[in-house]
Amino acid sequence: EIFLGEVKKSTGKDLTKTEDKTYKKLSIKQLPLYTTPIKENYDKILTGFVKIITDIGYGSGFFITNDGFILTNKHVVADQTIIKVELFSGRTVPGEVIRTNSLDVALIKISEENKVYPMPISTSELNIGSTVFSLGNPNDQNQVLSKGCITRYTKNHYKGDALRIETDCFTHSGSSGGPLFDEFGNVIGINVEGRSDLSTQIKVKLGLNLHLSINDALNVLNIKFSS
């Protein structure tokens with residue numbers, strides 16, 4: 001597989017093999033879902049999208065609450081505890097990595113003083129063939145949206161019980177941690193990695209990408225919707 005985070009230098013560590021912690025429950029509010037096509041909601045969606053900047057590279061992320069909680073990939077933040085978050089406005093603020101899991105998900109917190117715009121989350125599992133959209137910062141180009149469909153659900157290659165969503169959305173390095181949307185712009189997953197042809201000596205992208213289900217991401221970090 002090819003990770004989609006833009007990594008400038010290696011940490012020398014296998015970040016998928018660390019022992020996972022158990023966290024206290026974090027309750028968040030479930031926002032009203034979008035019900036109209038994503039093009040009608042896109043301007044608002046972008047305000048909840050961020051760029052994650054670390055000492056080794058960059059990736060993507062998105063707000064899940066209005067008090068500063070952000071989801072991204074564990075391999076994007078690596079083993080750092082303090083990173084930089086570039087907001088939609090272009091302003092950069094410090095962020096603290098407060099939870100991670102080897103399913104390749106991380107939770108970041110920025111100061112509540114910053115006005116932020118969370119993205120609605122849908123817990124529905126879509127059918128194969130459903131239209132989806134991926135948002136990321138590929139190759140240092142900010143806020144690139146790509147369209148595709150769900151091609152299949154596949155087992156996580158290092159976490160046997162978790163399913164990955166496979167799509168043919170066009171994504172490249174820097175898109176890791178960005179959201180995967182349904183046709184309306186509700187988050188259903190997180191960009192993780194691109195599939196490659198391992199039968200060749202040189203890794204060749206197959207045009208297929210893997211995304212972590214948002215349900216699994218929230219579950220392993222013990223994030224629950226408040227009743």
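Along the sequence shown, residues are numbered consecutively beginning with 1.
Of the possible donor and acceptor atoms, none in the side chain of Tyr34 sits under 3.5 Å from a partner among the backbone N and O of Glu183. Judged purely by atom type and a 3.5 angstrom limit, Asn101 has no side-chain atom pairing as donor or acceptor with the backbone of Ala217. Remark: side-chain polar atoms of Asp168 are not paired, donor with acceptor, to backbone N or O of Thr151 under 3.5 angstrom. In this structure, Asn73 contributes its side chain and His75 its backbone to no donor-acceptor pair below 3.5 Å. Side-chain N or O atoms of Asp104 include one that pairs as donor or acceptor with a backbone N or O of Lys74 at under 3.5 Å. Listed for the Arg164 side chain is no donor-acceptor partner under 3.5 Å among the backbone atoms of Leu210. Distance alone, capped at 3.5 Å, is enough to place a donor-acceptor pair between the Gln80 side chain and the Asp55 backbone.
A cation-pi geometry, defined here as NZ or CZ lying under 6.0 Å from the six-membered ring centre and within 45° of its normal, holds between Lys109 and Phe69. The cationic group of Lys51 lies under 6.0 Å from the six-membered ring centre of Tyr58 and within 45° of the ring axis, placing it in a cation-pi geometry.
Summarising the geometry, atom CD1 belonging to Ile38 is positioned 10.0 Å from atom NZ belonging to Lys147; distances are rounded to the nearest 0.5 Å. The CD1 atom of Ile56 sits 7.5 Å away from the CG atom of Asp79 when rounded to the nearest 0.5 Å. Separating the CG atom in Leu126 from the CG atom in Leu180 is a distance of 8.5 Å, to the nearest 0.5 Å. Put simply, CZ on Phe181 and CD1 on Ile45 are 5.0 Å apart, with the number rounded to the nearest 0.5 Å. Separation of atoms CG (Asn186) and OG1 (Thr35) is listed at 8.5 Å; rounding is to 0.5 Å. One distance of note links CZ of Phe63 with OG1 of Thr47; it measures 9.5 Å at 0.5 Å rounding.
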Given side chain to side chain contact (heavy atoms under 4.5 Å, CB included), test Thr22 with Asn222 step by step and report yes or no.
CA-CA 8 Å; Thr22 301; Asn222 203 14; 5.9 Å; no
Determine, stepwise, if the pair Glu86 / Asn142 fulfils side chain to side chain contact (heavy atoms under 4.5 Å, CB included).
CA-CA 10 Å; Glu86 184 178 305; Asn142 292 343; 3.6 Å; yes
With side chain to side chain contact (heavy atoms under 4.5 Å, CB included) as the criterion, how do Leu135 and Phe62 come out once you've worked through the C-alpha distance, each side chain's angles and the decisive distance to 0.1 Å?
CA-CA 10 Å; Leu135 182 60; Phe62 57 95; over 6 Å; no
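Residues in residues 126-138 take part in these side chain to side chain donor-acceptor pair (under 3.5 Å) pairs, two or more places apart or across chains: Ser60-Asn137, Ser134-Asn191.
Put simply, the side chain of Thr72 does not reach to within 4.5 Å of the side chain of Ile83, judged on heavy atoms. Leu26 places a side-chain heavy atom less than 4.5 Å from the side chain of Leu107.
Applying the 6.0 Å contact sphere to NZ of Lys44 captures no more than 12 heavy atoms from other residues, nucleotides or ligands.
A donor atom on one side chain and an acceptor atom on the other are found under 3.5 Å apart for Asp20 and Ser102.
Under the side-chain contact (heavy atoms from CB on, under 4.5 Å) rule, Val50 has a single partner from Val85, Ile110, Val93, Ile108, which is Val85. The side-chain contact (heavy atoms from CB on, under 4.5 Å) test with His211 singles out one residue from Thr167, Ile190, Ile188, and that residue is Thr167.
The shortest heavy-atom contact between Pro118 and Ile64 is CB-C, 3.5 Å.
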